[in-house]
Visitor: 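Can you read through this structure? Questions will come right after.
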Amino acid sequence: MQAPLHPSVQVAAAIIAGGQAKRLGGIPKGNIVIDGQRIIDRQLAVLRPLFGHVFLVAADARSWCVPDLEIVSDRVPGAGPLAGLDAALGALRAAERAVVCVAGDMPFIDTAALALLRDHRPEAAALIPLVAGRPEPLFARYGQSCIHAVRAALAQGRFKAADLVRELDPEWIDEATLRSIDPELRFLTNVNTQEDLARYA
């Protein structure tokens with residue numbers, strides 16, 4: 001599926017920056033350099049042509065300095081990715097019906113995969129990739145209506161995003177469809193550990 005040349009005005013994109021990256025010495029993962037470029041800069045280069053509104057969600061907005069990038073803080077400290085999703089949905093503008101979320105430690109996000117998330121089944125409450133039977137909640141699209149379930153889960157202390165997405169009545173993207181874009185699913189790669197960093201940096 002080819003993306004339109006113009007960026008979407010109805011679907012925003014949020015980079016969920018995550019926590020303290022303790023396994024990587026506390027450096028914000030977006031500042032990790034892969035092939036000579038920070039992850040955050042690599043992501044923005046791919047996201048901005050596809051989305052009219054791109055922003056970053058962080059546990060602490062003060063720890064980031066990226067020119068010309070809107071930064072949104074989590075409302076619920078310590079609640080992990082679900083707090084990031086809550087903040088992303090809360091930051092949508094009036095004309096926006098959904099947000100595509102990507103994890104802040106994904107250096108190889110792909111235009112074709114993002115266009116699929118942005119445009120496929122626009123009526124779906126959520127659009128979630130499923131790989132080896134497991135959802136990918138931080139490479140997914142969420143409609144505005146999801147905010148009610150997200151905030152209810154946070155209020156109840158249920159912070160696991162992978163569990164919540166199954167409650168959203170999502171449209172699933174099957175693994176075969178994902179592999180037709182990239183047989184190796186490289187766009188889902190995360191940099192989480194020193195071993196990952198040594199492999200990709």
Side-chain angles (χ1 to χ4, degrees), residues 1-18 21 24 28-58 66 68-70 81 84-85 88 92 96-122 124 126-143 161-162 165 170-193 195-201:
M1 178 186 298
Q2 291 189 339
L5 296 178
H6 57 83
S8 173
V9 296
Q10 290 190 314
V11 182
I15 299 168
I16 309 299
L24 293 171
K29 292 181 183 179
N31 288 327
I32 293 170
V33 175
I34 304 291
D35 290 336
Q37 190 176 27
R38 294 187 307 166
I39 291 176
I40 182 67
D41 297 321
R42 296 170 66 94
Q43 292 182 320
L44 290 173
V46 179
L47 291 167
R48 280 178 163 159
L50 293 171
F51 301 91
H53 181 200
V54 179
F55 58 96
L56 182 141
V57 177
V66 183
D68 302 319
L69 179 64
E70 178 186 353
L85 177 54
L92 289 180
E96 294 166 348
R97 58 175 174 77
V99 60
V100 166
C101 293
V102 300
D105 59 359
M106 289 180 163
F108 308 118
I109 57 173
D110 174 87
T111 295
L114 287 164
L116 176 66
L117 281 183
R118 188 189 70 176
D119 299 333
H120 184 63
R121 297 297 296 272
L127 186 65
I128 316 287
L130 203 61
V131 177
R134 296 188 298 273
E136 293 282 345
L138 288 185
F139 191 84
R141 188 188 77 220
Y142 299 90
V165 295
E171 180 80 17
W172 301 105
I173 304 178
D174 62 65
E175 187 169 342
T177 299
L178 297 170
R179 290 191 183 277
S180 72
I181 295 171
D182 176 1
E184 302 301 320
L185 300 181
R186 194 165 186 256
F187 57 85
L188 293 176
T189 298
N190 299 94
V191 178
N192 284 314
T193 65
E195 290 75 15
D196 293 336
L197 188 57
R199 185 179 306 120
Y200 300 115

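When a residue number appears, it is its place in the shown sequence, counting from 1.
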Visitor: Can you name the nearest heavy-atom pair linking Gly104 to Ile15, along with the distance?
Guide: CA-CG2, 3.7 Å
Visitor: Return the set of residues passing side-chain hydrogen bond (donor to acceptor under 3.5 Å, both in side chains) with Glu96 (not counting sequence neighbours), or none when no residue passes.
Guide: His53
Visitor: Start with the C-alpha distance between Leu117 and Ile173, add both sets of side-chain angles, then the distance that settles side chain to side chain contact (heavy atoms under 4.5 Å, CB included), and finish with yes or no.
Guide: CA-CA 9 Å; Leu117 281 183; Ile173 304 178; 3.7 Å; yes
Visitor: What pair of heavy atoms forms the shortest contact from Arg38 to Asn31, and how long is it?
Guide: NH1-OD1, 2.8 Å
Visitor: Mind listing the closest non-hydrogen atom pair of Cys101 and Ala88 along with its distance?
Guide: SG-CB, 4.2 Å
Visitor: Nearest 0.5 Å please: distance from the CG atom of Leu138 over to the CE atom of Met106.
Guide: 6.5 Å
Visitor: With distance as the sole test, does Tyr142 use its side chain to make a donor-acceptor pair with the main-chain N or O of Val165 at under 3.5 Å?
Guide: no
Visitor: Over all heavy atoms of both residues, which pair between Val11 and Phe51 is shortest? Give the atoms and the distance, please.
Guide: O-CD2, 3.2 Å
Visitor: Is a side-chain donor or acceptor of Arg141 paired with a backbone partner of His120 at a separation under 3.5 angstrom?
Guide: yes
Visitor: Decide yes or no for Asp182 and Leu188: does some side-chain heavy atom of the first lie under 4.5 Å from some side-chain heavy atom of the second?
Guide: no
Visitor: Could you measure the distance from the OG1 atom of Thr111 to the CZ atom of Phe187? Nearest 0.5 Å is fine.
Guide: 11.5 Å
Visitor: Could you measure the distance from the CZ atom of Phe139 to the CG atom of Asn190? Nearest 0.5 Å is fine.
Guide: 11.0 Å
Visitor: To the nearest 0.5 angstrom, please state how far the CG atom of Asp68 sits from the CZ atom of Arg48.
Guide: 6.5 Å
Visitor: Give every residue pair that meets the salt bridge (charged side-chain N to carboxylate O under 4.0 Å, His left out) criterion with at least one member in residues 8-17, sequence neighbours excluded.
Guide: none
Visitor: Can you find a heavy atom in the side chain of Leu47 that is under 4.5 Å from one in the side chain of Val102?
Guide: yes
Visitor: Taking side chain as C-beta onward, heavy atoms only, is Leu116 less than 4.5 Å from Thr177?
Guide: yes
Visitor: I'd like to know if the side chain of Arg186 and the backbone of Phe108 have a donor-acceptor N/O pair within less than 3.5 Å.
Guide: no
Visitor: Taking all heavy atoms of Asp35 and all of Arg42, pick out the closest pair and write down the distance.
Guide: CB-NH1, 3.7 Å
Visitor: Tell me, please, which residues at least two apart from Asp174 pass salt bridge (charged side-chain N to carboxylate O under 4.0 Å, His left out).
Guide: none
Visitor: As an exercise, state the distance from CD of Gln10 to CG of Asp119, rounded to the nearest 0.5 Å.
Guide: 10.5 Å
Visitor: How about Leu130 and Pro135: do any of their side-chain heavy atoms sit closer than 4.5 Å?
Guide: yes
Visitor: Tell me, do Leu50 and Val100 make a side-chain contact under 4.5 Å, heavy atoms counted?
Guide: no
Visitor: Say you draw a straight line from CD1 of Ile40 to CG of Leu56; how long is it, rounded to the nearest 0.5 Å?
Guide: 5.0 Å
Visitor: For the side chain of Gln43 and the backbone of Ala103, is there at least one donor-acceptor N/O pair under 3.5 Å apart?
Guide: yes
Visitor: Between Ile16 and Gly84, which heavy-atom pair has the shortest distance, and what is it?
Guide: CD1-O, 3.7 Å
